[in-house]
**Student:** 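Below you'll find the structure I mean.
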Amino acid sequence: MLTREQVQTEHTRFGDLHRRAVVIDAACPLINPRETKKYLPDVHRGGLTCTFATVASIEGAREALSILSAWYAKLREMRQEITLALTADDITAAKESGRVAIVFHFQGGNPLEYDPRLVEVFYRLGVRVLQITYNERNPLGDGCTERTDGGLSKLGLDVIAEMNRLGMLVDLAHAGYRTSMEAIEASRAPVIFSHCNARTLCDSPRNLPDEILRAVGARGGVVGVCAFPAFVSTGAPTVRDLVQHVDYLCRLIGPDHVGLGLDFSTETEEDYEYFKYDPKVYPKPPWTYPEDIAGFSDVPNITRRLVELGYSDEDVMNILGANFVRIFRQVCG
Amino acid sequence: METSLASEIHASAFVIDANGELALGQVPFTGISALQSFEDVRRSGLTALSYTIGSWGPTVPLSYESVLADLARWHGHLNRYRDRIRLATRAQDIQDAKREGRLALIFNIQDASIIGSDLSILDLLYGLGVRQIQLTYNSRNLIGDGCTERTEAGLSDFGVAVVRRLNELQVLIDLSHCGRRTTLDAVEISSCPVACTHTAARRLRDIPRNKTDEEVRAVAAGGGVIGVLAVPSFVTDKPRATIEDVLGHIDYLVDLIGVDHVGIGTDRGVSRESITREEYWEWLAPLGFKPEVAPPWPPGVEGFESAAELLRLTEGLIRRGYSVEDTTKILGGNFLRLYRQTLG
């Protein structure tokens with residue numbers, strides 16, 4: 001395996017490809033106002049162009065607002081290094097200027113509380129990707145570890161219509177089966193699953209059965225594969241196991257519908273309790289990501305593996321980020 | 001003859017409206033004086049009524065804050081009108097109120113979503129005297145699905161935890177507005193009997209707000225009680241509902257689940273509304289009522305416009321051949337038993 005330095009300096013096919021590509025990680029809880037500075041060197045080493053930053057998930061409106069306000073201060077402070085992306089052009093422009101594009105991402109509709117009008121408020125504040133539920137039920141729908149599978153509420157439907165009107169990406173990662181299927185059906189625009197793997201390869205409620213994968217692919221959506229160990233495979237997964245999910249998805253729904261949503265995180269036991277994780281689905285922390293895909297700086301290993309498997313330059317570029325750019329342009333402008 | 005027998009029964013029975021309203025300055029009774037309101041209570045023969053805390057409507061949406069504000073307001077009323085009303089936090093308080101000639105108030109909340117995702121707020125509400133909590137209103141909340149929701153999800157994991165906490169606290173669980181699956185789940189998970197304090201039979205009037213035979217049987221099998229309401233569009237699809245329609249629902253439920261499991265929860269005021277039709281609609285619109293089941297104008301049932309006319313209902317029960325004992329059970333004996341079992 002090549003060292004990181006080799007990736008950056010040697011003209012290997014995958015190294016060149018990775019440097020040229022717009023690389024998007026569609027699930028980044030570590031990119032937040034508190035920790036962005038700490039992780040930015042890794043993000044650069046990994047050649048990432050854009051991160052979907054998790055602003056909030058199970059928090060209410062007021063808490064989401066205070067995190068957004070912290071973000072605005074951070075964006076100002078780090079304006080040479082990062083930039084808020086509201087459109088697809090903002091993402092590609094960031095690549096040209098050597099900055100990292102930040103997309104505001106809610107990993108749950110909870111900040112909307114019971115008011116669909118707040119969708120526009122958060123849109124105007126820059127949020128472009130809204131995941132309908134986290135793991136549990138919220139007023140919009142049921143999450144994937146919830147005891148029931150109730151589907152979207154009337155409010156959930158109203159929120160999706162509002163997101164379609166405004167141009168926000170509907171994200172269904174973490175949602176229950178019926179909530180996902182109904183949202184794919186209800187949304188006028190293609191949807192994403194920002195960070196999910198194939199259930200056929202790894203049987204977790206957080207991963208997607210073929211039926212959902214086919215439905216999202218058929219509607220022009222994108223699924224980001226996720227490096228969270230328990231969703232990749234049992235035991236200690238490697239980058240090969242992760243790319244096996246990419247490969248499976250490419251075969252099932254085509255390479256135009258696959259991306260990356262790696263979900264690197266460093267949660268503590270306290271976080272574990274706060275998020276009310278179901279121990280049947282989430283092992284207790286600390287979570288060990290394997291050495292060859294332990295964090296942002298290892299992302300080029302994915303590119304290397306894709307090239308090894310014989311993927312064309314175009315497919316690799318699409319998987320690394322061009323698919324997410326395409327859907328972002330289509331939905332958000 | 002029915003009138004004098006009815007008065008006699010009211011004199012000795014515990015008459016309970018398990019979901020009513022007492023007019024002390026709030027919408028939709030803003031024009032009713034306190035004096036008028038207590039005169040209506042006297043006429044009704046009521047021993048106790050369960051009052052819905054949290055003034056909601058066009059200007060103030062129901063929220064944690066509005067519930068706390070309304071609780072403060074009602075604790076003020078309890079003090080101000082202490083010779084007329086008293087708080088009931090256990091069954092004995094209802095019996096004492098009867099002896100003292102005061103009206104007992106059981107505070108209820110009709111949408112547990114005001115607790116957000118914080119179970120400990122249930123303890124706070126308990127501390128402030130609330131003894132009856134409905135898990136959902138018409139729409140979905142974090143606990144379960146309401147009856148007009150498009151889906152029929154049951155209780156969530158959080159909803160299960162809410163039911164368990166209400167059992168521990170000894171608060172009566174009300175399922176009137178809940179969807180079918182949520183109702184059945186709650187009956188199954190609750191270790192205490194539960195109630196649908198204000199509903200009617202779906203078999204007689206097919207709208208989502210009314211309970212199916214399956215739900216009603218489940219509630220009764222667990223020892224619970226179904227309160228029949230007096231909302232015109234919920235009891236019949238005819239343009240004008242009469243007291244006979246209300247009695248029809250009582251008959252049907254008594255036949256289905258037995259006379260020990262049927263009570264009254266008018267979903268009406270002791271006094272008649274004092275607002276206009278337009279104001280009434282403006283008040284109802286944000287509450288998730290779908291047009292097909294929105295209460296019409298005027299909102300009262302002919303012959304039983306408000307709980308002040310409860311004597312008419314008792315006369316009707318007698319006319320329909322109910323014994324004095326059974327009439328007493330329906331008027332409040334069953335709910336008194338349920339309150340004893342749940343609140344202590």
Side-chain angles (χ1 to χ4, degrees), chain A residues 56-63 108-118 132-161 175-183 185-186 205 273-281, chain B residues 54 56 60-66 111-119 121 135-164 177-186 188-189 208 286-293:
Chain A
S57 58
I58 60 171
E59 292 75 18
R62 204 174 304 184
E63 290 151 294
N110 305 38
L112 304 174
E113 300 187 351
Y114 290 90
D115 190 352
R117 292 171 305 185
L118 288 185
I132 300 298
T133 74
Y134 201 57
N135 290 319
E136 297 193 294
R137 175 177 302 177
N138 71 18
L140 313 183
D142 275 359
C144 65
T145 70
E146 187 51 75
R147 68 185 283 275
T148 55
D149 186 13
L152 282 177
S153 64
K154 170 77 170 59
L155 178 68
L157 284 175
D158 292 346
V159 164
I160 287 176
Y177 176 83
R178 196 173 149 205
T179 299
S180 299
M181 289 303 261
E182 290 184 350
E185 185 70 30
E273 289 211 348
Y274 172 77
F275 287 112
K276 296 198 270 181
Y277 289 125
D278 181 344
K280 290 194 292 291
V281 182
Chain B
W56 46 17
V60 193
L62 184 73
S63 66
Y64 173 65
E65 289 79 6
S66 72
D111 187 349
S113 71
I114 60 133
I115 70 169
S117 54
D118 186 355
L119 279 184
I121 291 176
L135 299 182
T136 73
Y137 202 60
N138 291 326
S139 304
R140 174 177 302 181
N141 65 24
L142 296 182
I143 296 162
D145 272 4
C147 64
T148 68
E149 187 51 75
R150 67 181 284 275
T151 55
E152 215 193 86
L155 286 179
S156 64
D157 289 316
F158 178 63
V160 170
V162 167
V163 168
R164 297 212 167 111
H177 282 252
C178 299
R180 175 183 155 276
R181 189 73 253 158
T182 297
T183 302
L184 295 174
D185 276 2
E188 192 182 317
I189 282 155
L287 299 182
F289 285 101
K290 298 200 169 170
E292 64 272 22
V293 297

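Residue numbering restarts at 1 for every chain, and letters A, B, ... go by the order of the sequence lines. Small disclaimer: the values here were computed from a predicted structure and weren't measured.
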**Student:** Please round to the nearest 0.5 Å and tell me the distance separating atom OG1 of A/Thr148 and atom CG of B/Asp145.
**Tutor:**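 Taking OG1 in A/Thr148 and CG in B/Asp145, the distance rounds to 8.0 Å.
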**Student:** By salt bridge (charged side-chain N to carboxylate O under 4.0 Å, His left out), which residues pair with A/Arg62, not counting sequence neighbours?
**Tutor:**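 Salt bridge (charged side-chain N to carboxylate O under 4.0 Å, His left out) check on A/Arg62 returns nothing, list empty.
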**Student:** From B/Thr151 OG1 over to A/Leu157 CG, what is the distance, rounded to the nearest 0.5 angstrom?
**Tutor:**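 Rounded to the nearest 0.5 Å, the OG1-CG separation comes out at 9.0 Å.
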**Student:** If we only count heavy atoms from C-beta on, is the B/Glu149 to A/Leu155 side-chain gap below 4.5 Å?
**Tutor:**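 No. Closest side-chain heavy atoms not under 4.5 Å.
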**Student:** Can you tell me how far the CZ atom of A/Arg137 sits from the CG atom of B/Leu142, to the nearest 0.5 Å?
**Tutor:**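 So the CZ of A/Arg137 and the CG of B/Leu142 are separated by 8.5 Å.
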**Student:** Hey, what do you get for CG (A/Asn110) to OG (B/Ser117), rounding to the nearest 0.5 Å?
**Tutor:**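 A/Asn110 CG to B/Ser117 OG: 8.0 Å, rounded to 0.5 Å.
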**Student:** Within the distance-only criterion (no hydrogens, no angle test), does the side chain of B/Arg140 pair as donor or acceptor with the backbone N or O of A/Lys154 below 3.5 angstrom?
**Tutor:**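 Side chain of B/Arg140 to backbone of A/Lys154: no pair is present.
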**Student:** Under 4.5 Å heavy-atom distance to chain B, tell me which part of A/Glu113 shows up: side chain, backbone, both or neither.
**Tutor:**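 For A/Glu113, there is no contact with chain B at all, as no heavy atom is under 4.5 Å.
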**Student:** Restricting to non-hydrogen atoms, name the atom on A/Gly150 and the atom on B/Ala153 that form the minimum distance, rounded to 0.1 Å.
**Tutor:**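 The pair with the smallest heavy-atom distance is CA-CB, 3.5 Å.
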**Student:** Looking at residues at least two apart in the chain, or sitting in another chain, which of them share a side chain to side chain contact (heavy atoms under 4.5 Å, CB included) with A/Asn135?
**Tutor:**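 If we apply the side chain to side chain contact (heavy atoms under 4.5 Å, CB included) test to A/Asn135, skipping adjacent residues, the hits are A/Cys144, A/Thr145, A/His174, A/Arg206, A/Tyr277, A/Tyr282.
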**Student:** Between CZ of A/Arg147 and CG of B/Leu155, what distance do you get to the nearest 0.5 Å?
**Tutor:**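 The CZ atom of A/Arg147 sits 6.0 Å away from the CG atom of B/Leu155.
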